There are 2 protein chains.
Amino acid sequence: MNELLRVARALGDPNRVRAFLALEKRELCACQLIELLGLAPSTVSKHMAVLKHAGLVDSRKSGRWVHYRCTGKRAVPAVREAIAWAHRSLRHDPQITRDRRRLVAILLRTPAEACDTDRSPVTRRSAVAAARR
Amino acid sequence: MNELLRVARALGDPNRVRAFLALEKRELCACQLIELLGLAPSTVSKHMAVLKHAGLVDSRKSGRWVHYRCTGKRAVPAVREAIAWAHRSLRHDPQITRDRRRLVAILLRTPAEACDTDRSPVTRRSAVAAARR
DNA sequence: TCGTTATTTCGCCAACAAGCGAAGTATCGG
DNA sequence: CCGATACTTCGCTTGTTGGCGAAATAACGA
């Protein structure tokens, strides 16, 4: 039952839930999650490690940046079911809705100065479009 | 998102998960859960209050006894989905399997001396049969 | 009414979790 | 190399949680 316990505990903290839901439609690098949540980098790093250990999220390192993404369909069935539960029950949550809006701004702004200098304008535009959906 | 947080936190403790899974097929009174978990009555009472507050469980008082039961189909959709997730991911869990076996013994023994003096032998037999399934 | 039994509430302690800042690791740009 | 940038790990503080036993509440049975 350790898998269920890890997943349940990972989803038991509001900031982790916010970070996890922000990854519903796209991957994000740590600095974008830090800006979204407004927490210290070390805190966000710890939160992401918890989500990762639970199998809800994985990460890919590209240069200086670590990109996090939801494991989604690649997750094992038990975790996949939890992901569907979380996404569905928070679809209309006010906090998550606010976060979605703020993400649009973050995705528009941070590319120029930070995380994805290697991301082409066209990719950036589609990421923003995805965030609006 | 408070509902999800309450449910996730409720399912984040192994003893609460065991108690909750024990209620999958039948209702149980507090003393049976106390015996199953081997914890102090006050501790079990607190655990059940957490499960109840999360909407995973409700209770019905009958005389001296409080019978707990899974809210199951009566739960709101978000909670119902979590219930299905928990039940499905723990169907073959070793600890839960051990608990199911011990429950058979508890259901056979406790009626005579404790909780369900008001339960007729035929009902008791069917409860035991359900526990074996 | 009085004692007994079932359960909850209260008060406490130890373990854990979330937060931060400082120091450490890794990668890029010069 | 050296500084800067992006994270992560470490050490610490503070709030929360899980456990217990003792006392309180409730209901039954004599």
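Just so you know, these numbers come straight off a predicted model, no measurement behind them. Below, read A as the first sequence line, B as the second, and so on, with proteins coming before strands; counting in each chain starts at 1.
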Would you name the heavy atoms of A:Ala86 and B:Leu4 that are closest together and state the gap between them?
CA-CD1, 3.7 Å

Can a side chain N or O of A:Tyr68 be found less than 4.0 Å away from OP1 or OP2 on D:dT8?
yes

What residues, two or more places apart in sequence or in another chain, satisfy side-chain hydrogen bond (donor to acceptor under 3.5 Å, both in side chains) together with [X]?
X       : value
A:Gln95 : A:Arg98, A:Asp99
A:Asp93 : none
A:Arg91 : none

Any side-chain heavy atom of A:Asn2 sitting closer than 4.5 Å to one from A:Leu5?
yes

Taking C-beta and beyond as the side chain, do B:Met48 and B:Val66 meet within less than 4.5 Å on heavy atoms?
no

For [X] and [N], what is the distance between atoms [atom1] and [atom2] respectively, to the nearest whole Å?
X       : N      : atom1 : atom2 : value
B:Leu5  : C:dA18 : CG    : P     : 11 Å
B:Arg9  : D:dG15 : CZ    : C1'   : 12 Å
B:Met48 : C:dT9  : CE    : P     : 14 Å
A:Leu28 : D:dA6  : CG    : P     : 15 Å
B:Leu37 : D:dG18 : CG    : C1'   : 13 Å
A:Glu35 : D:dC7  : CD    : P     : 12 Å
A:His67 : C:dT27 : NE2   : P     : 14 Å

Answer yes or no: does atom CZ of A:Arg88 have more than 12 heavy-atom neighbours from other residues, nucleotides or ligands under 6.0 Å?
no

Report, as yes or no, whether the 6.0 Å neighbourhood of atom CZ on A:Arg101 holds more than 12 heavy atoms from other residues, nucleotides or ligands.
no

Enumerate all atom pairs, one protein N or O and one N or O from nucleotides 25-30 of chain D, separated by less than 3.5 Å.
from: D:dA26; atom 1: O3'; to: B:Lys61; atom 2: NZ; distance (Å): 3.4

List for me each residue that meets ring-ring contact (aromatic ring centres under 6.0 Å, His included) alongside A:His53, sequence neighbours excluded, and say none if there are none.
none

For residues 2-13 of chain B, which residue pairs pass the salt bridge (Lys or Arg N to Asp or Glu O under 4.0 Å) check, not counting sequence neighbours?
none

Can you sort out the partners of A:Arg64 under side-chain contact (heavy atoms from CB on, under 4.5 Å), two or more places apart, ordered by chain and number?
none

Residue pairs fulfilling ring pair (Phe, Tyr, Trp, His ring centres under 6.0 Å) with at least one residue in residues 24-45 of chain A, sequence neighbours excluded
none

Not counting sequence neighbours, list each pair that qualifies as a ring pair (Phe, Tyr, Trp, His ring centres under 6.0 Å) and has a residue in residues 69-98 of chain A.
A:Phe20-A:His87, A:Trp85-B:Trp85

Give me the residues of residues 49-59 of chain A where at least one heavy atom lies under 4.0 Å from an atom of DNA chain D, by number, or none.
none

Could you write out each protein N or O paired with an N or O of nucleotides 13-15 of chain C at a distance under 3.5 Å?
none

Scan nucleotides 19-22 of chain D against the protein and return all N/O pairs shorter than 3.5 Å with their distances rounded to 0.1 Å.
from: D:dG19; atom 1: OP1; to: B:Asn15; atom 2: ND2; distance (Å): 2.7
from: D:dG19; atom 1: OP2; to: B:His47; atom 2: NE2; distance (Å): 2.2
from: D:dG19; atom 1: N7; to: B:Lys46; atom 2: NZ; distance (Å): 3.4
from: D:dG19; atom 1: O6; to: B:Lys46; atom 2: NZ; distance (Å): 3.0
from: D:dC20; atom 1: OP2; to: B:Ala40; atom 2: N; distance (Å): 2.9
from: D:dC20; atom 1: OP2; to: B:Thr43; atom 2: OG1; distance (Å): 2.6
from: D:dG21; atom 1: N7; to: B:Ser42; atom 2: OG; distance (Å): 3.4
from: D:dG21; atom 1: O6; to: B:Ser42; atom 2: OG; distance (Å): 3.0

